[in-house]
Amino acid sequence: MTDTLTKTAAANAPINDTRKAELLSKQVKHIDIKSFDARPIVDAMADMSFTSRDLGRATKIYNDMLADKDCTVCLVIAGSTSAGGCMDLYAELVRNNMVDVIVATGATIVDMDFFEGLGHKHYQALEIPDDDTLRSLYIDRIYDTYIDEEQLQDCDFTINKIAESLEPKPYSSRAFIREMGKYLVEHGKKDNSLVKLAYEHDVPIFCPAFVDSSAGFGLVKHQVDAAKEGRPYMVLDAIADFRELTEIKIQAGTTGLLMIGGGVPKNFIQDTVVCAEILGHEDVEVHKYAVQITVADVRDGACSSSTLQEAASWGKVNTGIEQMVFAEAGSVMPLLASDAYHRGHWKDRAKRGWAKLFA
């Protein structure tokens with residue numbers, strides 16, 4: 001009981017602004033894949049063994065996706081690499097026509113990218129104090145990265161503001177995220193935002209578990225406030241997400257997957273092949289190319305760790321051109337992306353503009 005009372009008192013105490021400023025003093029700097037040429041090191045690693053060789057082959061497969069003029073490239077993101085320093089990396093992939101479709105967690109899109117698009121920052125943890133202390137200072141922790149909870153609440157309220165501005169009807173996550181991109185074009189503080197650039201380049205973003213993020217708080221408030229006032233409200237249509245992404249797969253034909261992490265986004269994009277078949281498109285291609293970077297343990301039976309070879313048994317992925325890379329993505333994605341940027345296959349790619357399919 002005493003411990004509970006102590007924690008309650010600490011949570012209700014005034015925030016120590018000086019201490020908070022000390023902990024939020026070193027911003028995370030997002031890596032610039034254009035500033036260095038990773039081709040020599042990736043080439044050298046391809047002649048090594050273990051994870052180095054896997055990364056070399058995975059990078060080659062991604063370059064093959066970009067060189068294949070018929071291939072639609074799908075970027076799939078789960079985990080916290082955006083907060084950890086890869087945010088500008090993903091933005092550059094969109095800016096330079098190196099991805100055509102994005103499937104991600106809500107945290108990646110809202111809590112990390114949209115959050116910084118509003119002008120907020122992520123911070124390196126110079127020390128890991130007691131998490132109850134962090135709570136008393138309104139600092140949220142992602143491993144060794146900090147977020148100011150008060151700034152995150154600004155993100156929540158902005159999502160609510162966007163929802164309030166929309167016609168009260170069903171929206172896929174893609175349609176709502178497009179409105180977020182439009183908002184950043186008009187009010188954003190950061191040019192290199194994935195959400196903003198995707199809007200500008202007609203790259204659709206899907207978040208199959210969108211409300212499992214900071215967006216959820218803003219959308220719940222929108223719904224509750226509207227219900228109290230007896231007015232209609234917008235809702236998210238998860239079925240539309242699946243239908244729209246499957247329609248892209250049907251129209252695209254040849255597809256390649258660049259997957260960071262796993263979880264729901266991984267399964268969602270892979271399932272489009274099966275869904276297309278259910279809809280009567282029995283000639284739909286499995287995903288021709290696939291790369292997954294993950295640290296998930298294959299022994300735990302989860303989707304995140306299931307191999308791409310296993311996905312072939314479900315009729316989702318081609319077994320001939322796939323590569324698993326068991327590594328922390330923040331340490332290898334800069335090499336893969338820099339290599340692909342400097343090889344330049346993206347320069348000859350036609351823009352897909354799949355978002356226009358739903359205009």
Side-chain angles (χ1 to χ4, degrees), residues 28 30-33 38 42 51 54-63 65-66 72-96 98-113 116 122 142-143 145 177 192-195 197-198 203-209 212-213 245 255-270 287 289-298 302-308 311 316-317 322-341:
V28 169
H30 298 291
I31 196 161
D32 179 5
I33 61 172
V42 172
T51 302
D54 292 343
L55 176 63
R57 186 166 188 271
T59 303
K60 181 183 182 304
I61 291 173
Y62 180 47
N63 277 301
M65 294 184 210
L66 296 175
T72 286
V73 178
C74 305
L75 175 65
V76 183
I77 315 172
S80 301
T81 50
S82 289
C86 289
M87 197 173 296
D88 287 357
L89 180 161
Y90 298 135
E92 287 297 339
L93 297 185
V94 171
R95 188 192 298 279
N96 294 291
M98 298 170 73
V99 296
D100 307 300
V101 178
I102 298 169
V103 183
T105 59
T108 294
I109 298 305
V110 185
D111 303 43
M112 299 175 196
D113 185 87
E116 287 210 0
H122 292 82
I142 307 172
Y143 302 95
T145 304
I177 294 167
N192 222 23
S193 160
L194 183 67
V195 173
L197 287 167
V203 173
I205 300 177
F206 294 87
C207 288
D212 184 22
S213 69
L245 190 58
T255 46
L257 309 180
L258 176 59
M259 299 188 287
I260 294 88
V264 173
K266 172 187 175 181
N267 203 53
F268 199 64
I269 187 65
Q270 289 185 333
H287 296 295
Y289 308 92
V291 167
Q292 184 184 1
I293 302 170
T294 182
V295 290
D297 192 326
V298 296
C303 176
S304 293
S305 61
S306 64
T307 65
L308 295 169
K316 300 175 182 180
V317 174
E322 56 80 22
Q323 183 62 55
M324 299 288 297
V325 181
F326 291 100
E328 191 278 305
S331 64
V332 297
M333 268 304 295
L335 297 175
L336 180 148
S338 173
D339 178 284
Y341 173 81

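The first residue in the sequence is number 1, and the count goes up from there.
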Give the minimum heavy-atom separation between [X] and [Y], together with the two atoms involved.
| X | Y | value |
| --- | --- | --- |
| I33 | P334 | CG2-O, 4.2 Å |
| V103 | P208 | CG1-CD, 3.9 Å |
| I109 | C207 | CG1-SG, 3.4 Å |
| S193 | A91 | C-CB, 4.4 Å |
| A104 | P265 | C-CG, 3.7 Å |
| T81 | A329 | CG2-CB, 3.7 Å |

Which value, rounded to the nearest 0.5 Å, describes the distance between [X] atom [atom1] and [Y] atom [atom2]?
| X | Y | atom1 | atom2 | answer |
| --- | --- | --- | --- | --- |
| I205 | D113 | CD1 | CG | 7.0 Å |
| I77 | M87 | CD1 | CE | 10.0 Å |
| C86 | I260 | SG | CD1 | 8.0 Å |
| I61 | Q323 | CD1 | CD | 5.5 Å |
| M333 | L89 | CE | CG | 5.0 Å |
| I142 | D111 | CD1 | CG | 7.5 Å |

Quick one: are [X] and [Y] in side-chain contact, heavy atoms under 4.5 Å?
| X | Y | result |
| --- | --- | --- |
| I177 | V195 | yes |
| D54 | M324 | no |
| V295 | F326 | no |
| L257 | Q270 | yes |
| F268 | V76 | no |
| M112 | S80 | yes |
| D339 | Y62 | no |
| L336 | V325 | no |

Using a 3.5 Å distance criterion without hydrogens, assess whether the side chain of [X] forms a donor-acceptor pair with backbone atoms of [Y].
| X | Y | result |
| --- | --- | --- |
| S213 | A107 | no |
| R57 | E322 | yes |
| N63 | T59 | yes |
| T145 | A83 | no |
| H287 | I269 | yes |

| Residue pair L197, V203: steps toward the side chain to side chain contact (heavy atoms under 4.5 Å, CB included) verdict | CA-CA 8 Å; L197 287 167; V203 173; over 6 Å; no
| request: Assess whether side chain to side chain contact (heavy atoms under 4.5 Å, CB included) is satisfied between Y289 and V73, documenting all intermediate values. | output: CA-CA 9 Å; Y289 308 92; V73 178; over 6 Å; no
| said: Atom CG of residue position D212 - does it have more than 12 heavy atoms of other residues, nucleotides or ligands inside 6.0 Å? | reply: no
| task | Quick one: do V264 and T105 satisfy side chain to side chain contact (heavy atoms under 4.5 Å, CB included)? Show the steps, please. | result | CA-CA 8 Å; V264 173; T105 59; over 6 Å; no
| task | Give the intermediate values and the outcome of side chain to side chain contact (heavy atoms under 4.5 Å, CB included) for residues M65 and V291. | result | CA-CA 10 Å; M65 294 184 210; V291 167; 4.3 Å; yes
| said: Give me each pair satisfying salt bridge (Lys or Arg N to Asp or Glu O under 4.0 Å) with a member in residues 74-95, each pair once, sequence neighbours excluded. | reply: K34-E92, D88-K190, E92-R95
